[in-house]
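What follows is a set of notes on a single structure, which appears directly below.
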Amino acid sequence: MDREAAIKRSNLSEAELQLIEKYLGRSPTVEEIGMFGALWSEHCGYKNTKPLIKKLPTKGKHLLQGPGENAGVIKVGEYAVAFKIESHNHPSAVEPYQGAATGVGGILRDVFAMGARPIAVLDSLRFGKVDSPRTRYLASGVIKGISDYGNRVGIPTVGGEVVFEDSYEENPLVNVMCVGIAKPEHIIKAVAKGEGNLLFYYGSKTGRDGLGGATFASAELSSEGEDQRPSVQVGDAFTEKLILEATLELIEKNLVIGIQDMGAAGLTSSSVEMAARGKSGIEIDIDKVPARASNMTAYEFLLSESQERMLACIEPSKLPEVEKIMQKWELDYAVIGKVTSTERVVVYEKGKVVADIPIRYLVDDVPTYIREVKKPSYLDEVRSLPSLHLPHDMTPLLKDLLKHPSIASKRWVYKRYDHMVQTNLLAEPMEAGGAMLRLKGTTIGLAMSTDGNGRYTYLDPYVGGMQAVAEATRNISCMGAEPYGITNCLNFGNPEKSHVYYQIAKAMEGMGKACEVLEVPVTGGNASLYNETDGEAILPTLIVGVVGAIEDYKKAVFSPFKAPGHTIYLLGKPREGLGGSMALKLLTGKIAGECPFLDIEEEKRLQKCIRELIAKELVISCQDVSDGGLAVALSECALMGGVGVRVETEGDISPEAFFFGESQSRLVISTLPQYEDTIKNICEHYDIPLTRLGTTTSDNTIHLTYGKRTISLSVQEARELYMTEYL
Amino acid sequence: MKTVKFGVVVFPGTNCDRDTSWVIQSVCKSEVRYVWHTETDISDLDVVILAGGFSYGDYLRSGAIAHYSPVMKAVKEHADRGKLVLGICNGFQILVESHLLKGAFLHNKTQHFLCQKQYLKVATTDSPFTMKYARDEVIQIPIAHGEGNYYLPQADLDEALTYDLIAFQYCDKQGVVNEETNPNGSTASIAGILNRQKNVLGMMPHPERSSEVEMGSTDGKKIFEGILQWIQSV
């Protein structure tokens with residue numbers, strides 16, 4: 001690699017290069033340029049988002065490990081639960097199968113590197129136009145990639161989202177969350193410390209694949225994206241399964257000081273970040289790194305993103321036992337360096353120093369960019385609602401919503417994932433807004449969900465940021481679980497553009513506010529910026545992953561109506577407006593109007609209220625009102641349960657807002673008639689409006705009357721529409 | 001009563017070993033140990049279970065590499081002595097590759113991996129594994145596989161029918177067995193099949209995933225109960 005090419009690949013600006021020269025007091029070597037480029041990228045260095053991240057609330061009563069490690073950790077009963085979400089958007093845009101597969105691989109490693117056994121994966125996916133060939137190509141590749149990788153490793157994919165919106169046409173989103181469990185004493189950190197201790201490499205050999213992935217992921221794509229395929233890594237789920245078992249065995253036998261996976265920026269980021277956490281220095285002998293290809297250079301070894309590789313820090317005396325475990329799992333391994341006290345990273349190639357950098361420059365002194373937060377003009381332009389011609393009979397609109405691939409059942413996706421392996425999942429993925437898993441040997445149910453809404457965040461970034469937290473936590477409260485912590489993935493366009501930076505800053509502010517009010521700490525996150533192609537950015541998409549728990553999983557409730565003769569209530573206040581809704585999008589093709597109403601204090605009361613109702617076993621089923629509004633929520637409960645529903649009510653908002661509006665903080669519950677008074681009292685206590693909507697029936701019809709308007713279709717027809725398979 | 005000892009074989013890439021031993025230990029209250037694929041002496045075991053997963057990644061034909069593992073020689077000897085062997089999913093594929101059972105596996109007819117709740121018809125009760133069911137009983141045990149399309153040549157199918165070797169067939173809720181209710185294209189909708197001596201069963205559905213109320217079905221538990229009862233009555 002010549003110097004010019006290294007600079008070009010590094011994505012470092014002229015000013016940043018000058019800063020590096022100033023820090024080092026000399027001009028950097030080719031290897032050093034590569035290392036700075038990787039660690040100063042947004043992906044590793046958060047140079048655009050760090051000042052915003054600092055404002056997020058990171059303390060909570062259930063928290064064991066906050067941001068800064070491979071994953072966040074919360075305490076649930078006698079267990080430590082590690083979880084994190086990460087994006088693999090750019091790789092999936094150019095090579096969907098491998099991009100998505102390695103996305104799963106990377107986040108699994110983040111979790112088991114902490115000592116936790118992965119028990120669940122959830123993925124939030126975004127694709128473009130429903131009818132475009134590119135969407136079909138990307139969706140089938142991404143889903144097959146997740147399926148082939150997750151199934152092989154034996155980690156169930158238990159939930160997530162699949163949403164189609166035009167803006168993701170060129171830039172699909174693949175955000176993967178992994179949740180793992182451990183005994184608290186087995187949680188370890190990604191640290192290298194203790195002078196003379198060894199840097200121990202294990203897993204796959206290093207090849208040239210994925211070279212420069214971190215910098216690639218931190219730049220805009222061009223329509224010549226095909227050329228960037230070599231930047232995409234290739235996954236091997238079988239090796240992943242082996243390093244998973246070997247890693248957990250190393251940690252269980254107390255043989256390691258710290259472990260980190262070689263993810264983005266490979267050996268460079270893992271070694272440097274581990275040393276930084278230990279306030280140590282490291283020496284790496286690059287010729288010791290197991291190589292897949294011949295004649296690889298130090299630059300390539302340092303920046304390769306070959307998959308399924310781990311770096312551990314171990315004491316020399318433990319080496320024989322560590323080697324025995326590697327041999328048992330038939331893994332490649334090598335001692336590639338050692339810990340020093342110099343607080344520098346020094347890299348040797350054939351006995352010659354090719355890089356020598358004080359670690360703080362790479363990790364602590366990442367230039368950060370604080371930009372002006374200026375309200376963009378588009379926000380006012382999109383507020384006016386386009387003219388609407390609503391038909392008198394809204395039944396066809398409900399039918400269109402039920403079969404829309406963003407709303408319809410995702411069974412076609414999750415039946416390709418082994419969602420049952422490990423035998424912990426307590427309800428099929430479509431039967432609840434989130435997933436509920438038992439913790440074997442306890443009564444505890446572990447609840448999790450991933451949510452986010454690009455339409456809302458586009459219309460009002462602050463409310464959209466709050467809403468992502470509100471919906472994710474609501475989805476687990478609806479099952480009776482209390483949210484313990486969140487992780488997040490920021491998917492935005494180019495932060496150097498003023499309107500994009502505004503979206504990022506405001507969405508994060510909203511997320512922080514919601515976390516503060518709902519008392520759920522942020523335990524970590526990931527930023528994927530520059531999701532643009534030829535200057536067109538995606539909808540601002542903040543995805544929130546949440547984990548929580550219920551003490552007795554036998555009390556958990558799910559969405560489907562269970563039997564005829566139950567009373568149906570709406571908890572929460574119906575509000576006027578179709579702004580930002582799926583109905584509006586279907587009717588006009590536009591994302592416009594006021595962002596759906598959300599009062600985060602009201603949300604908090606609602607979630608407390610429903611958790612108390614479920615804890616007191618007063619609720620038979622519960623479903624939140626989200627995309628598609630109340631009519632869709634009621635239909636889903638009916639068609640999943642195979643039970644009819646008859647709603648007769650009236651009110652002072654318009655029928656379209658009642659049926660299809662998406663104002664937040666609303667739930668549909670079914671219950672026994674005799675619980676009415678108790679439920680009323682509890683809702684009054686939390687100041688949550690309660691509306692009796694109707695009853696479940698045995699006539700196999702969804703019959704919804706609001707004032708003089710009626711929507712009516714058979715449960716069978718609704719089910720058929722809802723089960724429409726996109727692929 | 002005789003204690004029955006189970007062994008669950010672990011190949012690199014096996015991933016249902018823990019689920020299977022959980023059911024044996026915590027649900028059936030029986031003794032179980034893991035058997036590493038390099039072991040050659042398994043004479044302490046009464047029952048060997050080859051659990052589900054992706055042995056050696058199954059990048060080649062499923063089970064094709066696992067059958068060369070040292071433990072498979074011991075498993076054959078175990079079966080030759082008339083002891084019980086149960087192969088679940090990938091375990092079934094390994095039994096076929098090892099010629100402990102006849103036939104071969106193809107990709108599912110949809111070409112996609114398929115994980116779903118599945119109805120099965122119990123085709124025979126004349127085996128240790130199926131003795132606790134009623135003949136033609138419709139049960140629910142989930143499937144999760146990409147290469148579950150079991151192919152059996154006509155002569156072997158005739159033999160299976162003659163000697164009542166078909167254990168389970170895919171069906172719908174009403175017990176209808178036909179092409180429409182066949183999720184993967186298997187010959188004669190076969191979901192599970194026995195060897196001639198009926199001491200070896202291979203099945204694609206996962207009984208360990210339907211042995212507890214929490215999992216939505218307890219129909220799979222009867223397989224383990226049948227095994228226990230049979231060994232204890234011998």
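So you know, we letter chains A, B, ... as the sequences are listed, proteins then strands, and number each from 1.
- Of the inter-residue distances, the one linking Leu114(B) atom CG with Arg416(A) atom CZ reads 9.5 Å to the nearest 0.5 angstrom.
- Taking a 6.0 Å sphere around CD of Glu551(A), one finds it holds 12 or fewer heavy atoms contributed by other residues, nucleotides or ligands.
- For a residue to count as touching a neighbouring chain, one of its non-hydrogen atoms must lie under 4.5 Å from one of that chain's; by this rule Thr14(B) touches chain A with the backbone only.
- With a 4.5 Å cut-off on non-hydrogen atoms, Tyr553(A) touches chain B through its side chain but not through its backbone.
- Here the CG-SG distance, from Asp418(A) to Cys89(B), works out to 8.0 Å after rounding to the nearest 0.5 Å.
- Neither the backbone nor the side chain of Glu245(A) comes within contact range of chain B; no heavy atoms are under 4.5 Å apart.
- Within 6.0 Å of CD on Glu77(B) lie more than 12 heavy atoms contributed by other residues, nucleotides or ligands.
- Other residues, nucleotides and ligands contribute over 12 non-hydrogen atoms within 6.0 Å of the CD atom of Glu323(A).
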Next item on the list: Check the pair Glu212(B), Arg438(A) against side chain to side chain contact (heavy atoms under 4.5 Å, CB included), reporting the backbone distance first and the verdict last.
Entry: CA-CA 12 Å; Glu212(B) 298 166 273; Arg438(A) 64 172 171 176; 2.8 Å; yes

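- Of the two parts of Leu244(A), neither the backbone nor the side chain holds a non-hydrogen atom closer than 4.5 Å to a non-hydrogen atom of chain B.
- In summary, Lys440(A) and Glu214(B) do not engage in a salt bridge, as defined by a charged side-chain N under 4.0 Å from a carboxylate O.
- Of all heavy-atom pairs between Met215(B) and Leu425(A), the closest is CE-O, 3.7 Å.
- Residue contact with chain A, scored on non-hydrogen atoms closer than 4.5 Å, involves the side chain of Arg18(B) exclusively.
- In this structure, Met420(A) and Pro142(B) approach most closely via the heavy-atom pair SD-CB, 3.3 Å.
- Enclosure of atom CD in Glu180(B) is not indicated, since only 12 or fewer non-hydrogen atoms of other residues, nucleotides or ligands lie within 6.0 angstrom.
- Rounding to the nearest 0.5 Å gives a distance of 11.5 Å between CG of Asp148(A) and CG of Asp58(B).
- Between Glu330(A) and His37(B) the shortest heavy-atom distance is OE2-CE1, 3.8 Å.
- The backbone N or O of Asn151(A) sits less than 3.5 Å from a side-chain atom of Asn15(B), completing a donor-acceptor pair.
- Comparing Val421(A), Leu426(A), Leu242(A), Val153(A) by heavy-atom pairs within less than 4.5 Å of chain B, the highest count is held by Val421(A).
- Counting only heavy atoms from C-beta outward, the side chains of Phe238(A) and Phe54(B) never approach each other to under 4.5 Å.
- Using cut-offs of 30° and 60° for the angle between ring planes, the Trp36(B) and Trp329(A) rings count as perpendicular.
- For the atom pair NE2 (His206(B)) and OG1 (Thr423(A)), the distance works out to 11.0 Å, reported to the nearest 0.5 Å.
- In this structure a side-chain-to-backbone donor-acceptor pair under 3.5 Å is present from Asp19(B) to Gln422(A).
- Atom NZ of Lys5(B) has more than 12 heavy atoms from other residues, nucleotides or ligands within 6.0 Å.
- Once rounded to the nearest 0.5 Å, the distance linking CG of Leu727(A) with NE2 of His112(B) reads 7.5 Å.
- Atom CZ of Arg411(A) and atom SG of Cys115(B) lie 9.5 Å apart (nearest 0.5 Å).
- Contacts of Lys144(A) with chain B are absent, with no heavy-atom separation under 4.5 Å from either backbone or side chain.
- A pairwise comparison of heavy atoms in Tyr59(B) and Asp236(A) identifies OH-OD1, 2.6 Å as the closest pair.
- In Arg61(B), the CZ atom is not crowded: 12 or fewer heavy atoms of neighbouring residues, nucleotides or ligands sit closer than 6.0 Å.
- Counting heavy atoms from C-beta on, the side chains of Glu428(A) and Lys117(B) come closer than 4.5 Å.
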